[in-house]
Structure formats: C-alpha cells, structure tokens
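First the structure, in the form of structure tokens, and then the observations on it.
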Amino acid sequence: MLDIKFIRENADAVKAAMVNRNADVDVDAVLALDARRREIVGESEVLKAERNKISKSIGKIIQEGGDAEAIKAQVREMGDKISAFDEEMREVEADLRLKLLYIPNMPSATTPVGQTEDDNPVIRSWGEKKELDFEPQMHWDLGEKLGLFDLERGAKLSGSGFPLFTGRGAKLERALIQFMLDLHTEEHGYVEVATPFMCNEQTMTGTGQLPKFAEDMYTVPLDGLYLIPTAEVPVTNMYANEILDKELPILHTAYTPCFRREAGSAGKDTRGLLRVHQFDKVEMVKFTTPETSEEEHEKLTLDAEKVLQKLGLHYRVIELCTGDIGFSASKCYDIELWAPAQDKWLEVSSCSNFKDYQARRAGIRYRDENGKPQFVHTINGSGVALPRLVIAIMENYQNPDGSIDLPAAIQPYMGGLKKLD
RNA sequence: GGAGAGGUGUCUGAGUGGUUUAAGGAGCGCGCUUGGAAAGCGCGUGUACGGGCAACUGUACCGGGGGUUCGAAUCCCCCCCUCUCCGCCA
C-alpha cells in the first residue's frame, strides 16, 4: 500500500496517477479519515497521559492507607471518554486501512502513460519469426496425437482448464521446471525455495491479492486458506513482518503450481493450454534496497529472457503502460513468445518492480546505513510459466509429419531424447 | 483428534494487580583506564504512531485479538504458534 504520509503530501500526484491507471479511487475520503485519525490520536493521548499520572497517584494513596474513591470516580469518567475515542479510533483505522488496501501502486515515472494494452511499447525482441514451409498444426492437435496430454480426462477429473499431462508430456513439464531452476540457481545466483501451495489471508494481503481480488482465487474455507495464484505470494511473504539482517539483495527462485479461477476471462483463449486454471511456473523474487531496485529489475528480466534464448525461442519484451499495469506494480515488463500456429504473441512472463508497495503491506524491512528500518523493494517475474512455453516449443519446433524436435538445452533433461514423435 | 507444558527486548532470563520507567546477565556501540589489548568502570542500546524546525516529548506494544479495573506482562474469554506424550498416518 501507499504511505499515508506520501498521500497526504502528494495528494494531487496520487490523484493524477489513479486517473492514468483508470482506477476509481477516492483520495479525498482517505485524507478525511487520516485527518480525523490524527485528531483522535491527539485528543485521546492527552487524556491517557493524564490518566496514567493520576492512576499512579492512586496507587500511592492506597499504599499509604488513604481514601481514593473520589479520585477513582474522576478517573473512571476520563476512562469513559478514552473508551469512546478508542472505539471511534478502531472504526476510523479499520476504514482507513481498508481504503488504503484498495489503492493500487503509483506507476513509476518511467512507466509509459496509456489507456490499454495497445499502448504498451515494444522494448526489444530476440530471434526471428520461424518460417514454416507447411501449414503448422495447433498445439492441441499435436499434443493429443503425440500423447503429451489428455485434456478430456483432465476435465473429467476437475473440469475444463485442469490439464492432465501424460507420458513424455508429463516428463517435459518436469524437465523444463528442472532446467529453469538449474539455470537460475547455478548461473543467476538465486537460492531455491519450495513453499506451501496454500496461504492464509494475511499472506494473500501482503502481496496484494486480497482484499480486492478474492474472486480470482480458489479457497479452502474450512481452514481459511487460499490456493496460491503464483509463487510470488509465499516467497515474498517469507520475510513478512521482519527486519532483515541479511545482506541485500536477496534472490529466491521457486517452482510451484499456480491456481487461478480466471473469473473475468470466461470464454477467452479457452482451447488447449492457452489459459488454464492450474499451471506450473518457476518464479524469481528479489528483495533489494531502493537504490538498486531498478537495476535489479532489469537484471531479473534478462534472467527470464535467458531461459527463452537457451531454448531458441523468438520473443519480444513489452512495457506495460499505466492503464494496463498490475495493481501492485510500479513498473512492469511482459515477455511474449511467438507462436506460429496461433499466429500471435503469448505472454509467458511478467517482470515487475513493486518498489516498497508490497513491503509496506507485508512489513518487510531492512536497516539502512544509519541502522534505521526502511522498507525493502520487492521485484518478481516468471522465469517462466510453463503451459505457453510448451505451446511455443510445440508450435515452433514442429515438423511436417507432426513430430516435434526438442531444443538442445532441454535434451539432457529428457534423457537425451531429441524428438517427440 | 486427545492430554499437558510453554510463547517476555538482539539473546538469555526474572517478574501472578501499583517506583516495572520490564530486574539481573550476555551481546553490541561510545567513552574512561592502558604502551597496546584483556579485565574493570561509566554511559548508551527496540518498533510504530502523534506533536515539534530541532533538542525533545506523549501514547501504544511482553504471541494475536477482545474484556475486567482508577491501574494489566500479571486476572478472564477467544484465537495462533512451539514442545512433550497418546492416537492416526505418507
């Protein structure tokens, strides 16, 4: 969330930013609650100081055998006033906190201003569109024919959007996960973690999924848990409510399945593996100082790109504009793979700098050179998401006979297998 | 799931209603002492919010949340976590 002091001192800038985001936020209501809160704090703390003083004198009077009933009655009256303040304070603070939790992050000064995804500039690209001299097949046709997955049986188990991988398709999932984890831990300096796949409400609030996006998640009501939509949630919140004494930056990578209800996307990209409710992903998360977060964000994006380069896949990097950027992010690059049969770009990674937005929600701090606690900056990105990566491999490396060549980098992880046929 | 024991500051560890302004010890920082160090001695050493240009000052915080009371680390209620034993179990 945003610092209430920042909002207080930069109200116009915050309002302008919310307009650029197409976000409906009542900044003035927040400022009014903040003003009332400070009023109450001032008045009730004076009363509390007075009460503390008199209570102490009552203790003394009683010890000396005196009668304190008159003073007690007087303090009781003060106590009633304090209780009234406390009660209003609870309401005002709860209201203020909730409103703050619904305010998205400030876009970075370098984030391009724009309305929709059509306004997202392309930053760079790597490789070239593969020229196929035959009519390419769709991945869902290739996959069923080669026995890589069985979407019908997956749907039988859980409904559409829950893919069942089979045989070498299942092995390819495992191989890609291992390949990416090895790359990030051995060459990019990340420390691997394996996390819970369900998290509680506080954790979901820390990274910004709650309270606003509750309907996007699967829940376990009996235990008050949510299935994670991304490893960002458990990995970022590892250090929630801590003052870190480790050297920054801290780099973590994790494989997890991700669970998304895709409530707002019904009927969109429904075929094959394009948009599913459960998918595998390798995630990268960084905790940095404010001074290095921009540089670390660029490096993390390159770490994700490296995966695609090693697999020889044509991709482009776009930067999300203010109207399209995620709720908690300040700056964000999307990486998109070219899929020749789909004849379109597929998003496989979203690399975001959250600045101190998540750190403030989750309470993740470090000590600066003066030893004062400061909020860290958090950065994360997919490195990368599996289903669309698999689609791109299948569509780009397919042969006229319907077989699929495996990229050299993944062959060692497939027991030396060179081709799916 | 059942029974019991616990959760206090950076750590250790006291504290069952009122100089606790959380003792004592350790650690850390600064200073004194010393040729230098150790030991010793002195001082300091949390977080958040409010007020103040600042020095500073007020309030809250002893796992979390409520309550009782003039006053709560301490008493009551609910919840969370850790440990031990039993049960079940990959």
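Sequence lines set the chain letters: A, B, ... in the order given, protein chains first and strands last, and positions in each chain run from 1. Please read all numbers here as calculations on a predicted model, not as lab measurements.
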Fit a plane to each ring of A:Tyr333 and A:His297, take the angle between them on a 0 to 90° scale, and name the class: parallel (under 30°), tilted (30 to 60°) or perpendicular (over 60°). parallel

Hey, can you tell me if A:His188 and A:Tyr190 have their rings parallel, tilted or perpendicular (30° and 60° cut-offs)? perpendicular

Between protein and nucleic acid, restricted to nucleotides 26-31 of chain B and to nitrogen or oxygen atoms under 3.5 Å apart, what atom pairs and distances do you find?
none

Could you give all pairs that pass the side-chain hydrogen bond (donor to acceptor under 3.5 Å, both in side chains) test and reach [range], with sequence neighbours left out?
| range | result |
| --- | --- |
| residues 247-257 of chain A | A:Tyr239-A:His252, A:Tyr255-A:Asp280 |
| residues 11-31 of chain A | A:Lys15-A:Asp28 |
| residues 195-205 of chain A | A:Asn200-A:Thr203 |

Using a cut-off of under 3.5 Å, enumerate the N/O to N/O pairs linking the protein to nucleotides 15-19 of chain B.
unit_1	atom_1	unit_2	atom_2	d
B:G18	O2'	A:Gln63	NE2	3.2
B:G18	N2	A:Ser55	O	2.7

Determine the Euclidean distance between corresponding [atom1] atoms of [M] and [N]; express it in Å to zero decimal places.
| N | M | atom1 | result |
| --- | --- | --- | --- |
| B:U45 | B:A23 | P | 12 Å |
| B:G51 | B:G31 | C1' | 33 Å |
| B:U10 | B:A22 | C1' | 16 Å |

Contacts of A:Asp216 that satisfy salt bridge (charged side-chain N to carboxylate O under 4.0 Å, His left out) - sequence neighbours left out: none

The salt bridge (charged side-chain N to carboxylate O under 4.0 Å, His left out) partners of A:Glu87 (sequence neighbours excluded) come to none

With a 3.5 Å distance limit and no angle check, can you tell me whether A:Asp141 reaches the backbone of A:Gln137 through a side-chain donor-acceptor pair? no

Has A:Asn353 got a side-chain atom pairing as donor or acceptor with A:Cys332's backbone, closer than 3.5 angstrom? no

Among residues at least two apart in sequence or on other chains, which ones pass side chain to side chain contact (heavy atoms under 4.5 Å, CB included) with A:Thr166? A:Asp150, A:Leu164

Does A:Phe6 have any ring pair (Phe, Tyr, Trp, His ring centres under 6.0 Å) partners at least two apart in sequence or in another chain, and if so, which? none

Taking only N/O atoms, report every protein-nucleotides 44-51 of chain B pair under 3.5 Å with atom names and distance.
unit_1	atom_1	unit_2	atom_2	d
B:U47	OP1	A:Arg367	NH1	3.3
B:U47	O3'	A:Arg365	NH1	3.0
B:A48	OP1	A:Arg365	NH1	3.0
B:C49	O3'	A:Arg37	NH2	3.0
B:C49	O2'	A:Arg37	NH1	3.4
B:G50	OP1	A:Arg8	NH2	3.3
B:G50	OP1	A:Arg37	NH2	3.3
B:G51	OP1	A:Arg38	NH1	3.4

Report yes if a side-chain nitrogen or oxygen of A:Arg51 is closer than 4.0 Å to either non-bridging phosphate oxygen (OP1 or OP2) of B:G71; otherwise report no. yes

Does A:Asn52 reach a base, just sugar-phosphate, or nothing at all? Heavy atoms under 4.0 Å. sugar-phosphate

Taking side chain to side chain donor-acceptor pair (under 3.5 Å) as the definition, give me every residue that meets it alongside A:Glu117, ordered by chain and number, with sequence neighbours left out. none

On RNA chain B, compare the nucleotides closest to A:Ala73 and A:Glu50; which residue's is nearer the 5' end? A:Glu50

Intra- and inter-strand pairing of RNA chain B, written as dot-bracket with Watson-Crick and G-U pairs under 3.5 Å and | for the latter, reads ((((((((.[[[..)..(.....]]]((((((.......))))))((((((....)))))).[[[[[..)....]]]]])))))))....

